[in-house]
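Here the structure is laid out as structure tokens; the discussion comes afterwards.
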Amino acid sequence: MTHDVSNGGSSPALENLSVEERRFPPSAEFAAQANVGSEIYAWASADRLGFWAEQARTLLSWQTPFTEVLDWSAAPVARWFGDGRLNACHNAVDRHVEAGRGDRVALHFEGEPGDTRTLTYAELQREVSRAANALVRLGVTTGDRVAIYLPMIPEAVIAMLACARIGAVHSVVFGGFSAEALRSRIDDAGAVLVITADGGFRRGTPSALKPAVDEALGGEQDALGPIDGSGAHTVRHVLVVRRTGADVAWTAGRDVWWHEALEAESDEHEPVWVESEHPLFILYTSGTTGKPKGIFHTTGGYLTQTAYTHLNVFDLKPETDVYWCTADVGWVTGHSYIVYAPLVNGATQVIYEGTPDTPHKGRWWEIVAKYGVTILYTAPTAIRTCMKWGEDIPGQFDLSSLRVLGSVGEPINPEAWMWYRRVIGGERTPVVDTWWQTETGGIMISPLPGVTAAKPGSAQTPLPGIAADVVDEEARPVPNGSGGYLVLTEPWPAMLRGIWGDQQRFVDTYWSRFPGIYFAGDGAKKDADGDIWLLGRVDDVMNISGHRLSTTEIESALVSHPMVAEAAVVGASDETTGQAVVAFVILRAEYRERVDEPGEGADVAATLRAHVAKEIGPIAKPRTILVVQELPKTRSGKIMRRLLRDVAEHRTVGDVTTLADSTVMDLISAGLNQPTGSAD
Ligand code: WTA
């Protein structure tokens, strides 16, 4: 039995319904003006390939039209629209100018200190052309890899598009990652150029970026030398955007100012036409082992699916909407739903450099009111943070322009969903909970705002043209009402084409658990209606504030510190960040006494947290570090993370019968009463 909850006014009956019984159908007005109606599902399932071919033809401009839709003969590596040629930057920029829409605003940039910059499509075309000419002059050619390590400023978008324009492959490294993380990504991709900035503004102060690049590359100014000591990196030049004006060390011959390089160039550049399967970008993401995976995406299929989903999941009206996605370009959401899809669709969007609470906790809502944002796409962790700050803060701003709200990155709990719709959406906007991954390239499971009766907390149904299911250990679809593993059963246009330099790992990671079908690594359940509810990762990947981190990667960082003999990391549930990193460490004998001395325990934790920040980045810092004498292991020596998670979440410890020494858990639980260090 299900109940519709009509729009407007919170129905008292709602509180009496179980979570799964709540429904928010679109209003009649919204449904009437929506880009797509329910018929789209039938069309796509009757002719999936014809459906995608039609999207590719109508949403993109092809220099050479394709005749072939999908070639799956080399599965699991797909070819979509394989004989077509196009250019991603031409699709995102030039064709809008050619069609007479050059004066439309592409980007409203809002810097954290309050500076602003507006770029129309015509201005963006000139900037991107200059940047493309500058890249060519620096010796970058089609197929070369370029590492981008920038804050959320317009140059990040311009740099990515300039790479795409010349057929170079960008690898954006999140600005919050450390020099070591940057270096390993540069090496893995063999990048020839790094594009960075002196810094960006964060929480009211300039935060430097260039020193991390110098450290990663071992520039002349850097006495430490290159990180791995070999001296051999592939980078020839570093292009530096001046953002904060801070002094930077300079390596003559290698470093070039972005503004000087661009000033010297013409603002015209002919895009390089590439095959549909030409690599567009590599984006590193955490896997279950310590080494990040370079997920790589190609051009035609990726642009088709991201543009399609952006248009229809958000019901975008490019002429009138003002779209804002709060992600950073360092993550896939920033690639697909800031840089590529919105621009391919000719949208006007806001990009914001800073944090939501600088200079005050209403900053986001002030931005919504200032630009009249109509579509907002953000992460549950941000919503929960705003809930904590209190609804009187958004209540001070006019949010009436909003008409669609989106959520991404982690399961959204029903309470946060309801708050988002009520407080931010004024009880009027549809909320779309969008499930996807770096690997899928674009949204896969989501309601359609003009069609679906939304259920708070559920991503609900695979989008038209997408085939997903929940299966048991033997790959059999589970019945409604049961849980299992989320899989994707048919190839999709924006799917990853592999792991850079390691196709075997691609096959092993995604295609071997259930041969022939893609295993997403997420647990899920189907409710009584067959709608999908995501239950979180089933592997050793954590999701902290919507950012993927691997337990193994943090464990390796911890054991690389001389104090640490052994480490086990788990993601424990956290009210705000979804999950939080909790580390259990065993110290080497010579350091053991130190923790017992007054004040030293906290020091050990602080040292290790700083060490993880240096090795990976501040986002990976454990919230809690517990120094323990033993770790719970199976007889075969595998750490039982499930038990540690129980301890970290203060639950009664589960079944310990397979433990080699079951007294270990008592010792760990006892130790928890005197935590050695918690995050600020
Ligand atoms: C999780 C982010 C529940 C999931 C686009 C997935 C979600 C991982 C949702 C991918 C959602 C993402 N509901 N879980 N709506 N969206 N996830 O690669 O565990 O950074 O596997 O891509 O985030 O994270 P990634």
Side-chain angles (χ1 to χ4, degrees), residues 172 174 176-177 281-288 292-297 302 305-306 309-310 313 325-338 340-341 377-384 405-414 416-417 420 431-447 452 454-463 466 468 470 483 485-488 494-496 499 509-510 518-525 531-551 553 571 573 577-579 619-620:
V172 180
F174 175 55
F177 278 132
F281 66 86
I282 308 172
L283 183 59
Y284 287 85
T285 187
S286 296
T288 53
K293 301 177 283 201
I295 303 300
F296 83 89
H297 283 285
Y302 172 79
Q305 188 179 334
T306 53
T309 51
H310 183 251
V313 170
C325 167
T326 65
D328 187 281
V329 282
W331 308 103
V332 74
T333 308
H335 284 61
S336 301
Y337 297 101
I338 293 179
Y340 289 107
Y377 192 27
T378 193
T381 186
I383 299 164
R384 290 191 295 263
L405 301 177
S407 171
V408 61
E410 45 179 322
I412 180 165
N413 46 310
W417 193 106
Y420 194 26
V431 173
V432 286
D433 174 14
T434 63
W435 179 89
W436 58 294
Q437 309 178 295
T438 305
E439 291 86 344
T440 69
I443 300 172
M444 303 293 284
I445 305 177
S446 167
T452 318
K455 291 180 186 174
S458 171
Q460 298 189 271
T461 33
L463 287 173
I466 299 300
V470 181
Y485 303 101
L486 183 67
V487 295
L488 303 169
M495 68 195 297
L496 75 167
I499 293 177
T509 308
Y510 305 104
Y518 175 92
F519 172 48
D522 280 28
K525 68 170 187 193
D531 282 327
I532 295 173
W533 296 67
L534 277 305
L535 300 175
R537 304 286 306 189
V538 294
D539 53 15
D540 293 333
V541 175
M542 295 172 292
N543 195 325
I544 316 292
S545 298
H547 299 151
R548 268 166 77 169
L549 289 169
S550 101
T551 52
E553 207 178 342
S573 42
T577 57
Q579 285 190 307
I619 46 160

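Owing to the predicted nature of the structure, the values given are computational and were not obtained by experimental measurement. By convention here, the first residue in the shown sequence is residue 1. One-based numbering, in listed order, for ligands and for the atoms of each.
- When the ring-ring contact (aromatic ring centres under 6.0 Å, His included) test is applied to Tyr377, the partners found at least two apart in sequence or on another chain are Phe314, Tyr337.
- Residues satisfying the side-chain hydrogen bond (donor to acceptor under 3.5 Å, both in side chains) test with Ser286, not counting sequence neighbours, are Glu553.
- Under the side chain to side chain contact (heavy atoms under 4.5 Å, CB included) criterion, Ala524 pairs with Val470, Leu486, Ile532, Leu534, not counting sequence neighbours.
- Under the 4.5 Å side-chain criterion, counting only non-hydrogen atoms from C-beta, Tyr420 is not in contact with Asp433.
- For the pair Met495 and Tyr510, the minimum side-chain heavy-atom distance is 4.5 Å or more.
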Which atom pairs, nitrogen or oxygen on both sides, join ligand 1 and the protein at under 3.5 angstrom?
| residue | atom | partner | partner atom | Å |
| --- | --- | --- | --- | --- |
| ligand 1 | 13 (N) | Glu410 | O | 3.3 |
| ligand 1 | 14 (N) | Pro411 | N | 3.4 |
| ligand 1 | 15 (N) | Asp433 | OD1 | 2.7 |
| ligand 1 | 15 (N) | Thr434 | O | 2.8 |
| ligand 1 | 16 (N) | Gly409 | N | 3.1 |
| ligand 1 | 17 (N) | Gly409 | O | 3.3 |
| ligand 1 | 18 (O) | Thr438 | N | 2.8 |
| ligand 1 | 18 (O) | Thr438 | OG1 | 2.5 |
| ligand 1 | 18 (O) | Arg548 | NH1 | 2.8 |
| ligand 1 | 19 (O) | Asp522 | OD1 | 3.1 |
| ligand 1 | 19 (O) | Asp522 | OD2 | 2.8 |
| ligand 1 | 21 (O) | Gln437 | NE2 | 2.9 |
| ligand 1 | 21 (O) | Asp522 | OD1 | 2.8 |
| ligand 1 | 21 (O) | Asp522 | OD2 | 3.3 |
| ligand 1 | 21 (O) | Arg537 | NH1 | 2.8 |
| ligand 1 | 22 (O) | Thr438 | N | 3.4 |
| ligand 1 | 23 (O) | Gly409 | O | 3.2 |
| ligand 1 | 23 (O) | Asn543 | ND2 | 3.3 |

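- Two residues are said to be in side-chain contact when any heavy atoms from C-beta on lie closer than 4.5 Å; Thr285 and Gln437 fail this criterion.
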